[in-house]
Amino acid sequence: MNYQNTLAFAQEQDQNDPLKHFKARFYAPQVNKRDAIYFCGNSLGLQPKSAQAYLDHEMQNWADLAVEGHFKGDTPWFNYHRLLTASSARVVGALESEVVVMNQLTVNLHLMLVSFYRPEGKRIKVIMEGGAFPSDQYALETQVKFHGFAPEEAIVELFPREGEHTLRTEDILQSIKDCGEELALVLMGGINYYTGQVYDMEAITKAGHEAGAVVGFDLAHAAGNVPLKLHDWNVDFAVWCTYKYLNSGPGGTSGVFVHERHANNPDLPRFAGWWGHDAGVRFQMKKGFIPMPGAEGWQVSNAQILPMAVHRASLELFDEAGMDNLRAKSEKLTGYLEYLIDDVHVGKDVLEVITPRDPKARGCQISMLVKQNARELFNKLMEAGIIVDFREPSVIRVAPTPLYNSFEEVYRFSEILHECLEAVKN
Ligand SMILES: *Cc1c(COP(=O)(O)O)cnc(C)c1O
């Protein structure tokens, strides 16, 4: 695409954008009494205006029906989570039976690890990305200890080559091969939260399986950001949160994928609860856990109706927009951001884009390593009404989302970035 560093070009892109009307369906946060430019959907997505009505609906059912709401009304809570299944399956590329919405992300990660990290003999190792999101690191560290291993003996962390910021697929695949018969599990992000790199989930899954290991992904930064094909890629399990790109509110619920080949495997250990018990006889309250078939059999507690109501409102927008349309816009929008960052930065050596330059190897986020006055630059951007985020030691993450961000916002951002770079110069 031939980009231009002009407001007119940006506005023309917006006019031709088939998804442009979605912006008005979200609330815009305010800075200095003006709409902020919000590029933090990778951390907490904006609120869909429709969410309140879905929430009110369940609050009203609770007021009117109280306990009867579990089985009565137009959205009985007993099966409420199922209202989310089809849309969630479309977002991650799964069969409906492979998906369930429940709990929160790290909790679900633990539940999946109980079933899918099953060290045996010398096959005890887990491959993960070095510098993974801390919650994933802590989950893994404590899981391997739970099995009686020291983290240093069981966890293999992958780091980029000297002088590089992202992992090369060939190196990931080689590490999997090298671990060979010692490898029990590969657990990676679908997209690295820090660099924005998309991993080749299909190739990693294939290599993991060839080594005889199980392969799972944390899709916190991938779900709702890039199209996924978990079923076709043969991924064993995956988890994601819904409050980042999926715009389902702070502390929102989470999703789980379990490939259908594991759906009815009674040999998989799991930590069960009544909501995963055969729904037909759940209220007989009898002894002996009988898991529901598919991902639903991993449910533990009864569904969190209020966060799920918000999630439902948001998923409807994703169905309306379509992941492929979102991705098509996203590649252009983030490409434009990359082009403008390069353009305003010409001749300087303050910023380095550490996100892959190849659009196929990234989602919507661009991470800029700031080599001088990183904090000051970040503070100036925030003061000017740009909401981005700062990750230690010196990275600013900028994530224009295709659902509610515009080309004009990306253009305005670059103007302000230019001014702020001048202002913080040594
Ligand atoms: C956001 C994020 C989390 C957060 O976990 P919660 O359990 O939802 O608090 C965990 N892992 C990754 C990779 C994330 O990006």
Side-chain angles (χ1 to χ4, degrees), residues 39-46 84 88 91-92 100-114 116-117 126-143 155 157-159 166-167 172 185-199 201 204 215-226 228 230 235 237-257 271 298-301 303-304 306-308 310-311 314 354-355 362-367 387-392 395-399 401:
F39 288 158
C40 233
N42 55 348
S43 195
L44 181 70
L46 293 183
L84 312 170
S88 301
V91 168
V92 299
V100 70
V101 172
M102 60 182 192
N103 310 318
Q104 287 182 272
L105 174 57
T106 310
V107 171
N108 286 337
L109 182 56
H110 276 296
L111 293 175
M112 289 295 105
L113 290 172
V114 164
F116 294 107
Y117 175 53
V126 185
I127 285 186
M128 69 187 302
E129 64 213 287
F133 193 88
S135 204
D136 300 41
Q137 295 186 38
Y138 307 148
L140 241 314
E141 175 192 327
T142 53
Q143 284 276 342
I155 299 176
E157 289 184 300
L158 307 183
F159 290 97
T166 51
L167 290 170
I172 300 173
L185 173 71
V186 180
L187 178 74
M188 308 261 302
I191 297 186
N192 181 273
Y193 81 100
Y194 193 75
T195 64
Q197 178 183 19
V198 178
Y199 297 119
M201 290 171 254
I204 291 170
V215 182
F217 291 97
D218 180 332
L219 303 175
H221 281 262
N225 182 5
V226 293
L228 299 162
L230 299 183
V235 169
F237 71 90
V239 291
W240 58 94
C241 54
T242 65
Y243 50 82
K244 291 175 179 164
Y245 294 105
L246 291 173
N247 310 319
S248 299
T253 186
S254 161
V256 163
F257 165 89
F271 287 172
W298 270 267
Q299 293 174 103
V300 178
S301 293
Q304 308 133 285
L306 301 179
M308 287 186 183
V310 177
H311 191 33
S314 174
I354 60 168
T355 304
R362 68 184 182 211
C364 67
Q365 170 184 323
I366 297 270
S367 302
I387 302 183
V388 288
D389 77 8
F390 188 82
R391 284 286 175 266
E392 295 295 339
V395 161
I396 295 176
R397 303 187 306 171
V398 188
T401 73

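The residues of the chain are indexed from 1 along the displayed sequence. Just the heavy atoms: all of them, side chains too, but no hydrogens, waters or symmetry mates, feed the values below. Order of listing sets the numbers, starting from 1, for every ligand and every atom in it.
- Formation of a donor-acceptor pair under 3.5 Å by the Gln137 side chain with backbone atoms of Ala132 is found in this model.
- Summarising the local packing, CZ of Phe159 is surrounded by more than 12 heavy atoms from other residues, nucleotides or ligands at distances under 6.0 Å.
- Of the possible polar contacts, one joining the Thr355 side chain to the Ser367 backbone as a donor-acceptor pair under 3.5 Å is found.
- Remark: the Thr195 side chain and the Thr166 side chain contain no N/O donor-acceptor pair separated by less than 3.5 Å.
- Every ring-ring contact (aromatic ring centres under 6.0 Å, His included) that Phe237 has, sequence neighbours left out, goes to Phe116.
- Taking 4.5 Å as the limit, some side-chain heavy atom of His221 sits within range of a side-chain heavy atom of Tyr245.
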Sub-3.5 Å pairs, protein N or O with ligand 1 N or O:
residue  : atom   : partner : partner atom : Å
ligand 1 : 5 (O)  : Thr106  : OG1          : 3.2
ligand 1 : 7 (O)  : Thr106  : N            : 2.9
ligand 1 : 7 (O)  : Thr106  : OG1          : 2.6
ligand 1 : 8 (O)  : Tyr243  : OH           : 2.5
ligand 1 : 11 (N) : Asp136  : OD1          : 2.6
ligand 1 : 11 (N) : Asp218  : OD2          : 3.2
ligand 1 : 15 (O) : His221  : NE2          : 3.2
ligand 1 : 15 (O) : Lys244  : NZ           : 2.5

